[in-house]
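Have a look at the structure below before the remarks.
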Amino acid sequence: MTLDFLQDVEYFVIPYTEGFFRTEPGRRKPVIFQEIEAALALPRPVRFIAVVFPGYEYAGQLEQRYREVIDPQYHDRLLPLTGAKKHLYNEEQADALLETIYQELVIRESILDVIRDAPPNVYLTTKAETERVSIYRRLYGVRKLTFLNFAASSLISGIDISPAYGAHNKFRNWFETGLLEDRISCDIILTRPGSPADRDASLYKMRPGQLTPGLSELFTLSSEAGGTGAREDAERYHFIIRHNFNKICQFKLRHRCDKLRLYWTDAVLPYGLMKSEYPEDERDQNNIKVDIYGVNIKDADRPSFHLFENDPATAALYSIFSSSLEAFFTDGPARAVEFSGHPNVDFLFRRPIIHRARLAKDGHGLTADEITACAKKGYPIEVDLLFAGGQILVWRDEDCEKYGFAPGTMLSALEAQGVNRIRGQNKQILTLQELLEKVTKIAAGRGRARSGGPIPLLIELKNDTWDKTPREERRIRDQVISVCRVMERYRGEYALHASDPRIVRDVKEYDARIPCGQITLDFDKTEYRDRVPEEYKKMHREARYYDYVIPDFISYRVGDFLQGVHRQRQQDYQLKSLGWAVGSGGDYYAHRKNYDQLLIEYDPEAR
């Protein structure tokens, strides 16, 4: 007899009677025991169902009986047999018992039958199919929207993200108008830019081929970084969420829109959600649109479906996904953190900032010795940057006479002769990276608990040409990106500021979480009056830089623009002000009442 048929057996029904265990001396073991042994020998488990007949006391006897009749080599596999599900047989319930056993035997088939016979509870299709119905029609009359995992955040950030959104400009206008007129509110939960979740989500959600030329150009790697090819593609992945995030921040700040709330989380999910909530009398329309992500799925082909709160077929799933959204607003590792649109700049206003790290009246400023002295005393410092020879130097072109160069020629000399040669004449010039390493090392030596970490830094990014050519615009952007990347590794608090609003814009387009302020002054009262084009002078006189970008704070040259439109717009956006630069004597007290903080020269303790 062959037992090959057991290879396909999943259930084994065993009748428990006294006669079942009886074997005749000298006779071959009954076939049923051979089959049990063959089942126990299978590499996969077989489920046993025991039917116990009246008059047989099986408690305490079964295992012993098995061991008597089953080959000893299978004794260590008796557990599934002794743990078999047991049914007590009697004639009255014989048919019901057979039906019960049958249901156990065909349980998987019966589930398939149910699935085949029941109507689908979700209309699962592709994203392209669900969006054949215009988004305006799908959301007409909506009162609250909640986006998760950057789903549909391009409604605000616009056509820069994907060409598909070009068709929705009218809706985007309606959406923005609804926010500004308080007819709708919106919560947007994004993965935190720069987090592992950000890169994970970018890699399976976005691909460089989907980007518009505008976005690709905006975030092409800087020449200093030297990245091309696959590296550049990876950077484009990484900037998708950050770009959305930055655009939303600027919209929120420009319009002072409290109905738009922006959050970030360190969690990432394999789907995007758009929850739409309607007035109470239209609650039947409440729904959640679910878009599934996949590494190799084209955007238009992604699985997509709608769940309705009051539809019996989808209510359970609606509740599950709705709870998933609500969980982001409760305590836990995935908790979404709200971002107001402005990063925290309070550290700039705790104590005076030493302008150019110049502590002594006879000091030159920006030297390694002076920076060291400030760091050892824990003073925040403000420094300038000079780009030369592919390096970022903590210096300023106006200080060229210290090295014996004619005014305005040091930058070209550094680039022509090499930074190291110039630095060899005087070891006092630091690169930006050396500055960060120095103040970090000093903080560690002072004891982190006492110092609170490296000193706060305020860094001025200069543009002395003010040209508007595409080449010059790209040069400025490259320099901004290179500085931002160096500063991302700094563990202390820092902020950037610039007089050229294009620099402030580029910082904010790179990462809205980097504190960046607008320096404003009357150029005609400075040595820059012949170097700055009239349109930029007018931009400063009339505070038009607010139309260009919303900064995080304002840096005034003391005495300039204290009243009028400058003060009004500063108050409109509730921005704090820095005044620069004053001595630590009587000038300090004369100007302190006009500003939230001052950049000062000379040691404050010398006052």
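We use all heavy atoms of the structure for the numbers below, so side chains are in, but hydrogens, waters and symmetry mates are not.
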Is there side-chain contact between Phe328 and Leu269, with heavy atoms separated by less than 4.5 Å?
yes
Parallel, tilted or perpendicular: which describes the rings of Phe305 and Phe321, with under 30° parallel and over 60° perpendicular?
perpendicular
Do Leu461 and Val483 come close enough that some side-chain heavy atom pair is under 4.5 Å?
yes
Would you say the ring centroid of Tyr546 lies under 6.0 angstrom from that of Tyr573?
yes
Please answer whether the main-chain N or O of Ala334 pairs with a side-chain N or O of Thr265 as donor and acceptor at a distance below 3.5 Å.
yes
To check you understand the geometry: which heavy-atom pair defines the closest contact between Tyr510 and Arg485, and what is its length?
OH-CG, 3.3 Å
Report yes if some heavy atom in the side chain of Leu432 is under 4.5 Å from a heavy atom in the side chain of Met487; otherwise report no.
yes
Please determine, by modelled atom types, if Arg143 and Tyr278 share a side-chain donor-acceptor pair under 3.5 angstrom.
no
Please determine if Glu509 and Arg477 form a salt bridge, counting it only when a charged side-chain N lies under 4.0 Å from a carboxylate O.
no
Give, for atom CZ of Phe339 and atom CG of Leu262, the distance between the pair rounded to the nearest 0.5 Å.
7.5 Å
Is there a donor-acceptor pair closer than 3.5 Å between any side-chain N or O of Gln250 and the backbone N or O of Ile550?
yes
Please check if the number of heavy atoms outside Tyr140 that lie under 6.0 Å from its OH is greater than 12.
no
In this structure, CD of Glu338 is separated from CD1 of Ile189 (nearest 0.5 Å) by 11.0 Å
Restricting to side-chain hydrogen bond (donor to acceptor under 3.5 Å, both in side chains), what partner residues turn up for Lys252, sequence neighbours left out?
none
Distance check, rounded to the nearest 0.5 Å: Ser322 atom OG versus Leu317 atom CG?
12.0 Å
Aromatic ring proximity, centroids under 6.0 angstrom, Phe329 and Tyr263
yes
side-chain contact (heavy atoms from CB on, under 4.5 Å) evaluation trace for Leu457 with Leu436:
CA-CA 9 Å; Leu457 301 177; Leu436 304 184; 3.5 Å; yes
Would you mind reporting whether Ile188 and Cys186 have side-chain heavy atoms less than 4.5 Å apart?
yes
Beyond-backbone contact of Asn310 with Asn286, side-chain heavy atoms, under 4.5 angstrom
no
What about the rings of Tyr536 and His540, do their centers lie closer together than 6.0 Å?
no
Any Lys/Arg nitrogen of Asp187 or Lys259 sitting under 4.0 Å from an Asp/Glu carboxylate oxygen of the other?
no
Counterpart residues, side-chain hydrogen bond (donor to acceptor under 3.5 Å, both in side chains), relative to Asn463 (two or more places apart)
Thr465, Arg475, Asp500
Please report the closest heavy-atom contact between Leu124 and Pro303, naming both atoms and the distance.
CD1-CB, 4.0 Å
Over 60° means perpendicular and under 30° means parallel, so tell me whether Phe245 and Trp264 are parallel, tilted or perpendicular.
tilted
Using the salt bridge (charged side-chain N to carboxylate O under 4.0 Å, His left out) rule, collect all pairs that involve residues 318-333, keeping only residues at least two apart or in two chains.
Asp331-Arg335
Measuring from Leu496:CG to Cys516:SG, what's the distance to the nearest 0.5 Å?
5.0 Å
Can you tell me if CD on Gln574 sees more than 12 non-hydrogen neighbours from other groups inside 6.0 Å?
no
For the pair Ile519 and Glu460, evaluate side-chain contact (heavy atoms from CB on, under 4.5 Å) and give the outcome as yes or no after the intermediate values.
CA-CA 9 Å; Ile519 298 174; Glu460 179 177 353; 3.7 Å; yes
Determine, stepwise, if the pair Asp552 / Lys576 fulfils salt bridge (Lys or Arg N to Asp or Glu O under 4.0 Å).
CA-CA 8 Å; Asp552 299 315; Lys576 290 186 175 182; over 6 Å; no
Using modelled atom types only, decide if a donor and an acceptor are shared between the side chain of Thr431 and the backbone of Glu434 within a distance under 3.5 Å.
yes
Just say parallel, tilted or perpendicular for the rings of Phe251 and His255, cut-offs at 30° and 60°.
tilted
In terms of heavy-atom contacts, Leu307 and Tyr318 come closest through O-CD1, 3.4 Å
Assess the residue pair Asp506 and Lys508 against the criterion (salt bridge (Lys or Arg N to Asp or Glu O under 4.0 Å)); give the C-alpha distance rounded to whole Å, side-chain angles, the decisive distance to 0.1 Å, and a yes or no.
CA-CA 5 Å; Asp506 288 343; Lys508 286 303 176 185; over 6 Å; no
Which residues satisfy the side-chain hydrogen bond (donor to acceptor under 3.5 Å, both in side chains) test with Glu129, sequence neighbours excluded?
Arg132
CG/Asp258: more than 12 non-hydrogen atoms of other groups inside 6.0 Å
no
Step by step, would you call Asp478 with Val480 a side-chain contact (heavy atoms from CB on, under 4.5 Å)?
CA-CA 5 Å; Asp478 283 349; Val480 167; over 6 Å; no
Evaluation steps, side-chain contact (heavy atoms from CB on, under 4.5 Å), between Arg261 and Ser185:
CA-CA 8 Å; Arg261 291 175 293 273; Ser185 63; 4.1 Å; yes
Separation between CG (Asp547) and CD (Glu542), nearest 0.5 Å, reads 10.0 Å
Taking the six-membered ring for Trp, are Phe553 and His497 parallel (under 30°), tilted (30 to 60°) or perpendicular (over 60°)?
tilted
Leu393 side chain reached by Leu385 side chain, heavy atoms, under 4.5 Å
no
Lys289 versus Asp291: any side-chain heavy-atom pair under 4.5 Å?
yes
Min side-chain heavy-atom separation Ser499-Thr520 under 4.5 Å
no
Residue pairs passing the salt bridge (charged side-chain N to carboxylate O under 4.0 Å, His left out) test where at least one lies in residues 266-282, sequence neighbours excluded:
Arg192-Asp266, Glu280-Arg283
Separation of Ile320 CD1 from Leu325 CG (nearest 0.5 Å)
13.0 Å
List the atom of Thr440, the atom of Pro454, and the distance in Å for their closest heavy-atom pair.
OG1-CG, 3.8 Å
Any luck finding a side-chain donor-acceptor pair between Thr130 and Ser304 under 3.5 Å?
yes
Could you tell me which non-hydrogen atom of Leu575 sits nearest to which non-hydrogen atom of Pro551, and how far apart they are?
CD2-O, 3.6 Å
Salt bridge flag under 4.0 Å for residues Arg502 and Glu473
yes
Measure across Leu348 and Ala495 and return the closest heavy-atom pair with its distance rounded to 0.1 Å.
CD1-CB, 3.9 Å
Answer yes when Arg474 and Glu472 have at least one side-chain N-carboxylate O distance shorter than 4.0 Å, and no when they do not.
no
Between Ser319 and Ala316, is there a donor-acceptor pair closer than 3.5 Å when you use the side chain of the first and the backbone of the second?
no
Quick one: side-chain hydrogen bond (donor to acceptor under 3.5 Å, both in side chains) partners of Asp301, sequence neighbours excluded?
none
